[in-house]
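As a basis for the values below, the full set of heavy atoms in this structure was taken, side chains included, without hydrogen atoms, waters or symmetry mates.
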Amino acid sequence: MIGKFLFNSVSSGFKLKDPLVYKTFFPLIFEEEKFLYKTITYIFCGDDYIKNLNVEFLSHNTYTDILTFCLSDKTKPIIAEIYISIDRIRENASLFKVSFDDELNRVMIHGLLHLCEYEDHTPILKLNMKKREDYYLEKLNR
């Protein structure tokens with residue numbers, strides 16, 4: 001099954017520079033992690049939009065850089081929506097002293113890793129997630 005990646009924007013005016021790069025690379029992550037996917041939709045938004053989603057669906061009254069929602073049963077190919085706050089990406093890129101593109105790529109990969117059942121709610125899990133992010137970032141940047 002060949003899945004697809006979609007890229008949309010709400011309330012941010014953001015447009016991905018070269019969607020084909022991601023549509024070509026991201027399937028390799030699912031292949032290597034041995035997960036099937038059908039449709040992965042990225043929605044680029046602003047802080048207020050993602051905060052409202054965070055409150056509504058997770059009861060967290062905070063800003064965040066990413067929210068990943070798996071909409072499919074675990075036994076089926078993955079259908080998901082990944083919301084990314086462009087405001088948080090800009091701020092975090094400055095905070096971590098990395099380029100906007102590097103931070104965006106890390107967060108986009110982070111969302112896919114969550115769909116491949118990686119978690120980050122403990123220090124050890126965070127370290128493992130970061131290692132996988134770094135691994136895929138290196139491959140993407142080749």
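- Side chains of Lys131 and Tyr135: no donor on one and acceptor on the other come within 3.5 Å.
- For the atom pair Glu81 CD and Leu115 CG, the distance stands at 11.0 Å (nearest 0.5 Å).
- Note on Leu112 and Val21: same hydrophobic cluster, where clusters join Ile, Leu, Val, Met, Phe, Trp and Tyr whose side-chain heavy atoms are under 4.5 Å apart, directly or indirectly.
- Considering only heavy atoms from C-beta on, Val10 stays 4.5 Å or farther from Asn8 through its side chain.
- Sorted by first and then second residue, the pairs that involve residues 58-68 and meet side chain to side chain donor-acceptor pair (under 3.5 Å), not counting sequence neighbours, are Asn54-Thr62.
- Taken together through direct or relayed side-chain contacts under 4.5 Å among Ile, Leu, Val, Met, Phe, Trp and Tyr, Leu53 and Leu71 form part of one hydrophobic cluster.
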Side-chain donor/acceptor pairs under 3.5 Å, residues 39-51, sequence neighbours excluded:
from, atom 1, to, atom 2, distance (Å)
Tyr42, OH, Met108, O, 2.8
Asp47, OD1, Ser85, OG, 2.7
Asp47, OD1, Arg88, NE, 2.9
Asp47, OD2, Arg88, NE, 3.2
Asp47, OD2, Arg88, NH2, 2.6

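- At least one donor-acceptor pair closer than 3.5 Å links the side chain of Ser9 to the backbone N or O of Phe14.
- Nearest heavy-atom pair, Ala93 versus Ser99, reported as atom, atom and distance to 0.1 Å: CB-O, 3.8 Å.
- Checked options Phe35, Tyr37, Tyr136; the residue passing with Phe30 is Tyr37 (criterion: ring pair (Phe, Tyr, Trp, His ring centres under 6.0 Å)).
- Taking Ile, Leu, Val, Met, Phe, Trp and Tyr as members and joining any whose side-chain heavy atoms lie under 4.5 Å apart, directly or through other members, the hydrophobic cluster of Val98 also contains Leu95, Phe96.
- In the hydrophobic cluster analysis, where Ile, Leu, Val, Met, Phe, Trp and Tyr join through side-chain heavy atoms closer than 4.5 angstrom, Tyr83 is grouped apart from Ile86.
- A 4.5 Å side-chain heavy-atom check between His114 and Asp120 finds at least one atom pair inside the cut-off.
- Residues Ile78 and Val107 share a single hydrophobic cluster, defined by chaining ILVMFWY side chains whose heavy atoms lie under 4.5 Å apart.
- Side-chain contact between Leu137 and Ile109: present, with at least one pair of heavy atoms (C-beta onward) separated by less than 4.5 Å.
- Between Tyr22 and Phe5, a ring centre-to-centre spacing not shorter than 6.0 Å is recorded.
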- Give the intermediate values and the outcome of side chain to side chain contact (heavy atoms under 4.5 Å, CB included) for residues Leu125 and Met129. CA-CA 6 Å; Leu125 292 173; Met129 173 79 87; over 6 Å; no

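- Note that CG of Leu104 and CG of Asn92 are 11.5 Å apart. Values are rounded to the nearest 0.5 Å.
- Summarising the geometry, atom CZ belonging to Phe7 is positioned 10.0 Å from atom CG belonging to Asp18; distances are rounded to the nearest 0.5 Å.
- Taking 4.0 Å as the cut-off between side-chain N and carboxylate O, Lys130 and Asp134 count as a salt-bridged pair.
- Atom CG of residue Leu67 and atom CD of residue Glu56 lie 11.0 Å apart, to the nearest 0.5 angstrom.
- Cluster annotation: Phe100 and Leu16 are assigned to the same hydrophobic cluster (Ile/Leu/Val/Met/Phe/Trp/Tyr, side-chain heavy-atom contacts under 4.5 Å, transitive).
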- Message: Pair Glu103, Glu91 - check side chain to side chain contact (heavy atoms under 4.5 Å, CB included), show working.
- Response: CA-CA 10 Å; Glu103 183 64 12; Glu91 188 168 306; over 6 Å; no

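- Looking at Ile66 and His110, their side chains come closer than 4.5 Å, going by heavy atoms from C-beta outward.
- With Arg132 as reference, Glu33 is the one residue of Glu138, Glu117, Glu33, Glu119 to meet the salt bridge (Lys or Arg N to Asp or Glu O under 4.0 Å) rule.
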